[in-house]
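Counting starts at 1 for both ligands and their atoms, following the listed order. Hydrogens, waters and symmetry mates are skipped; everything else that's a heavy atom, side chains included, is used. By convention here, the first residue in the shown sequence is residue 1.
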Amino acid sequence: MQTLVEGILSRHSVRKFTGDPINENDLNTIVKAGMAAPSAMNIQPWSFIIITDKGILNNLCKALPYAKMLDKAGAAIIVCGDSKEANWVVDCAAATENILLAAHALGYGAVWTAVYKYESRIEPVRKECKIPNDIIPLNVIPIGIAVDKNVKPINKYN
Ligand SMILES: Cc1cc2nc3c(=O)[nH]c(=O)nc-3n(C[C@H](O)[C@H](O)[C@H](O)COP(=O)(O)O)c2cc1C
């Protein structure tokens with residue numbers, strides 16, 4: 001990938017992973033990209049949980065109906081928001097997009113899987129990851145090495 005715009009235009013959701021682990025420095029860079037996102041009044045109402053433990057990835061996989069790729073992910077990042085802050089959802093969405101783009105730029109596949117606003121997903125994620133009540137998991141982002149590296153993004157422009 002040569003430019004930021006090329007990265008934005010070529011990013012796409014990846015749902016099939018090889019099961020290989022993710023380099024720890026890369027994971028830190030990806031989370032740092034999340035932290036670099038803009039937020040209303042620069043409140044940064046987010047926190048990020050990095051999961052590499054296979055047992056936790058498998059438990060989340062069982063609990064989340066639309067995140068069945070978690071068992072083959074090398075890691076997952078849970079983007080959480082502080083529900084006391086009015087703009088937490090939009091701020092955390094901006095952070096999420098930065099995370100997806102950074103993962104893509106570093107050669108990984110990733111996908112946003114929804115947690116909020118579904119109580120049936122929030123509760124198991126909260127329990128598994130010991131998230132306090134005023135903090136809400138917006139999504140779980142499985143990250144991994146794509147099985148198929150030749151997938152093209154969806155055409156959204158016609
Ligand atoms: C708010 C939101 C929730 C999503 N939830 C899921 C999900 O639970 N599982 C999943 O596989 N993809 C999920 N996606 C990914 C979308 O399906 C995907 O972004 C969309 O189909 C466009 O494809 P693209 O990301 O390749 O451009 C979600 C995306 C967003 C923005």
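- Residues forming a salt bridge (Lys or Arg N to Asp or Glu O under 4.0 Å) with Lys84 (at least two apart in sequence, or on another chain): Asp82, Asp134.
- A donor-acceptor contact closer than 3.5 angstrom is absent between the side chains of Asn139 and Tyr116.
- By the side-chain hydrogen bond (donor to acceptor under 3.5 Å, both in side chains) test, Asn42 pairs with Gln44, sequence neighbours left out.
- Screening Ser83, Ser39, Cys80 for a side-chain contact (heavy atoms from CB on, under 4.5 Å) involving Pro45 leaves a single residue, Ser39.
- Within 4.0 Å of ligand 1, contacts by protein heavy atoms are made from Arg11, His12, Ser13, Arg15, Tyr66, Met69, Val111, Trp112, Thr113, Ala114, Ile154, Lys156.
- Within the structure, every pair that satisfies the salt bridge (Lys or Arg N to Asp or Glu O under 4.0 Å) test and touches residues 105-126, not counting sequence neighbours, is listed here: Glu123-Arg126.
- The environment of NZ in Lys16 is sparse: at most 12 heavy-atom neighbours from other residues, nucleotides or ligands sit within 6.0 Å.
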